[in-house]
Amino acid sequence: MFDPSIREELVSIVGPKHFLDDATNLMSYSYDATPVVQSLPDGVIFPATTEDVAKIVRVCASHAIPIVARGAGSNLCGGTVPVAGGLVIAMGRMNRLIEIDQENLTATIQPGLNTKEFHTRVEQAGLFYPPDPSSMVICTMGGNIALGAGGLRGLKYGTTKDYVLGLEAVLANGEVIRTGGKLVKDVAGYDLTRLLVGSAGTLAIITEATVKLIPQAPFRRALIAMYRSLDEAARTVSRIVAAKITPCTLEFMDQATTRVVENFAHIGLPVDARAILAIEQDGEEASVQRDLAAIEEICREQGAFAVRVAKTPEEGAQVMEARRSALSALARLRPTTILEDATVPRSEVAAMVLEIERIAAKFDVRISTFGHAGDGNLHPTATTDARDADELHRVEQAFEEIFWTAVELGGTITGEHGVGLVKAPYLEWKVGHAGVEIMQGIKRAFDPQNILNPGKIFAETRKRVVVQQ
Amino acid sequence: MTAQHEKLADQFRLSLDADELENCMRCGFCLPACPTFVETGLEAASPRGRIALMKAVVHGALQPDDGFAAQMDLCLGCRACEPACPSDVRYGRLIEQTRDVLASHAPQSGRSELLRAVFLRGLFPHTRRMRMLGRLLGMYQGIGLADRVRASGLLRVLPRHMQDMERILPRATGRGVAQACRQAGIPNRTERSGGAQMLVLPPVGERVGRVGLFRGCIMDVLFTETNVNTVRLLRESGFEVVIPEAQVCCGALHGHAGELAGARELAQRNVAVFAAAQVDYVATNAGGCGAFLKEYDHLLQQAPHASEASEFAGRVLDVSELLVDHGRPLEMRADAEMETVTYQDSCHLRNVMGVKRQPRALLESMPGVTYCELPGADHCCGSAGIYNLTQPGMASDILTHKMDDVRATGAQVVVTTNPGCQLQMRLGVEREGDPGQSAVHLVDLLAQRVAFHDS
Ligand SMILES: Cc1cc2nc3c(=O)[nH]c(=O)nc-3n(C[C@H](O)[C@H](O)[C@H](O)COP(=O)(O)OP(=O)(O)OC[C@H]3O[C@@H](n4cnc5c(N)ncnc54)[C@H](O)[C@@H]3O)c2cc1C
Ligand code: SF4
Ligand code: SF4
């Protein structure tokens, strides 16, 4: 609970309707899509303008109140869980598409804009914005930018960080900065745009963004390849990359995942295959057809027992849409799904898939794997029950080993979901001690009072426990 | 926590399905499907939010206070969140269990308790009283009293939304479908089974099946004509139609309002009545009733005749399913007038009974009809049982947005498949529709356009 005078100050900025601090509403902003973690804020505020945000931040700065910016709360790293209490700034009212600039091929948006809605509007204008996180029906552009979200098209088109050209953001002292712009080239000083992308609300509150758009590809086609073993599917991925073909999407799903997704979506996915790859290519029709033929051949060479090519672009879209429900659909198996996004160089996908299987068996936990295999970003997902403390502990051990293995294979602890709260103890494994120190220096420069999303990204580093075998 | 809240929280721990609560993994995929979330933008007014609140109450982290109850009351119960949920969380059960606890423990607000007492306990369970009400309403409307009362401004003392409802209510009758069928000269005979009486109306042409008509209590009083048209269409499509006299209200309004015991009692009677009628299918023409009937297996799973209940549930089909998937194709009149129509899904028909293809197929099969899909047809219209009486503000906001979408289709006719939706859409048309626009039940539109072989 805030002091009545602070409460008064906050209410005077947005009006009584847009500040909430009753028990029910506080509870509903205490969590996000991350399993197990939850913590109550002291208040929730809904600004309508950048000016509102600046005023709110100034009030918080003068009373050292923690601030947690929130989009849709769909992140998987505990990013919006107010671990230190304080004020949640919910960006839902700042959800306008400000403009689509056909001459510069850019769009300018407010952070609360829903990603799917943005896609639809951009496509209506005949253009294309590639980053497409699976959560796009719910997540916001602000959340995508703050976590550097990836998606199904990362392999060919990159991720959010490759599209953000400029930002408007409110700093921890309430000052407003603008970075970048509608510019293809810009080397004026440090690249603050890139620094803020993926900063998870720990450096500044993003209030506006300009992103790059590209022309729509004239033709697209998908295929599904079915395998009798995970290994064959994973090897296909490396082979496609080695053959210098870059499909726009190359998704991997094991059998358990395929089955639950089919149960939800009813689109006739092959539930008998041990693993499937869903591959899509876009571009000029002739080159798409050529790539698909080559991909099909590689699939068969590597042991695919069947390959099904979609007849229409809609059919392909349906498969990708279904694939997006994978994580939630896995919760049909067991109540709690804990997903990680260990990422490895693409050549190591097969090795990583096998390692995940081995580790799951070692700790006696059930792990299903799906993911953006084409860019090495796998989503091993433990299906478990948060009420079983012993099993939960084994899941944690298994994931530690998976992180470690990923790093050893030249990969990272998180490809797209962010460090947030839950992976903070492992950050040093990836970036090293000096890496953490310089990041902490940056954090101090931006936010000396540590009021912006405290408790995220940095934590006591987890000791690697080596189990003697 | 106060002692009263403590007691209530204990009750929640006993009543709420802990596994179902745990199954929600908080992905938020249901948020865009939820009308109350779309209207408010508040997490607490979303399915994910409500489930989190229930869970917090069960875990003792939140008092089941007025704020909590308010969010539970604000839920339309439209269940659009269920088909949207990849994890298969059965939200409908959770909200029903929650409301059951709230209804039995917390003091209701004065108005909503009065509504419950009058409608749920005093009226709906009693066929005779419903008929009586129908006759009274009919008289009031028939002798011009309605106009005079309106003119006198007497109605102004009623809350605005009640006045609105009064204006759009159809002409009520106290006859009921069985009597109306007899009066309309539809061939019929009376059968008796185990002391129960039922009216049987033979099929036109060769018989394809025997269907029990679930007439619905509101349907039968306010929409007797729609029930008669349902009988005519089913006969035309080859069904022998049986109307058991002893059937009662489905109990949906009780169930949704948290009066589960009352709902179970009604359910048991219906299961027995239709078992005695020995029908292949039970036909409904109100999505709200149909969905509730279809879930009798769940409602009665602890009851003595659970297996009969699930057999019954398996037979329940919407009239559109029967006509499209089981009966003989209907022949349409070629000379019917040209109209642009759009269709608002009944939430429970779509989300619980899973029926979305058949009504559209029927509309598209009508010569002269240009069918235009309504954007957001899967979003509740705000009617939701007695929601438009208990939550007039939210219901009205939702309706306003719905009418914007209707306008965009350019349709003259808004077709629905549930009496509550039909009244709500009538209200919308009356309040902000274009002149000449109307809201009709699918069955009534069909009846105008089918070439009947039995005049
Ligand atoms: C089923 C499912 C599938 C997913 N699939 C993918 C996927 O394919 N790829 C992927 O990358 N992610 C995926 N995610 C994770 C998540 O959806 C993304 O990280 C998304 O970007 C979060 O957006 P949001 O609007 O929900 O942000 P939130 O969860 O609300 O916030 C995320 C972070 O951003 C910060 N933040 C939010 N808005 C602002 C702002 N305006 N200024 C500063 N900081 C801000 C928050 O403080 C928080 O740290 C998935 C999640 C789910 C549940
Ligand atoms: S879609 Fe299902 S699992 Fe996801 S938040 Fe909603 S109810 Fe929970
Ligand atoms: S039943 Fe309807 S109103 Fe209630 S939570 Fe689900 S979608 Fe929202």
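What you see is a predicted model; the values in this text were computed from it and never measured. First the proteins, then the strands, lettered A, B, ... as listed; each starts at 1.
- For B:Ala18, the parts lying near chain A are the backbone and the side chain together; criterion is any non-hydrogen pair under 4.5 Å.
- Looking only at heavy-atom pairs under 4.5 Å with chain B, the residue among A:Gly73, A:Ala326, A:Gly92 that has the most is A:Gly73.
- The candidate with the highest count of non-hydrogen atom pairs below 4.5 Å against chain A, out of B:Leu42, B:Val89, B:Leu21, B:Leu31, is B:Leu42.
- Looking at A:Thr383, neither its backbone nor its side chain comes within 4.5 Å of chain B, counting heavy atoms on both sides.
- The contact between B:Asp19 and chain A is made by backbone and side chain atoms together, counting heavy-atom distances below 4.5 Å.
- B:Phe29 places a side-chain heavy atom less than 4.5 Å from the side chain of A:Val137.
- With A:Ser74 contributing its side chain and B:Cys27 its backbone, the two residues share no donor-acceptor pair below 3.5 Å.
- With a 4.5 Å cut-off on non-hydrogen atoms, B:Cys30 does not touch chain A at all.
- Only the side chain of A:Arg387 comes within less than 4.5 Å of a heavy atom in chain B; its backbone stays farther off.
- Contact residues of residues 21-39 of chain A toward chain B are A:Ala23, A:Thr24, A:Asn25, A:Met27, A:Ser28, A:Tyr29, A:Tyr31, A:Asp32, A:Ala33, A:Gln38 (heavy-atom distance under 4.5 Å).
- In this structure, B:Asp88 and A:Asn263 have side chains that are not in contact, with every pair of non-hydrogen atoms separated by 4.5 Å or more.
- Between the OG1 atom of A:Thr337 and the CZ atom of B:Arg26 there is a distance of 11.5 Å, given to the nearest 0.5 Å.
- Counting heavy-atom pairs closer than 4.5 Å to chain B, the top residue among A:Arg93, A:Arg324, A:Arg332 is A:Arg332.
- Chain A forms the most heavy-atom pairs under 4.5 Å with one residue out of B:Arg48, B:Gln71, B:Glu20, and that residue is B:Arg48.
- The two residues B:Glu22 and A:Ala386 make their nearest non-hydrogen contact at OE2-CB, 4.1 Å.
- Here the closest non-hydrogen pair linking A:Ser328 and B:Ser87 is O-OG, 2.6 Å.
- Within the 4.5 Å cutoff, no side-chain heavy atoms of A:Leu330 are placed close to those of B:Met25.
- The residue among A:Pro335, A:Ala331, A:Ala90, A:Ala72 with the most heavy atom pairs within less than 4.5 Å of chain B is A:Pro335.
- Counting non-hydrogen atoms of neighbouring residues, nucleotides and ligands closer than 6.0 angstrom, the CG atom of B:Asp66 reaches no more than 12 such neighbours.
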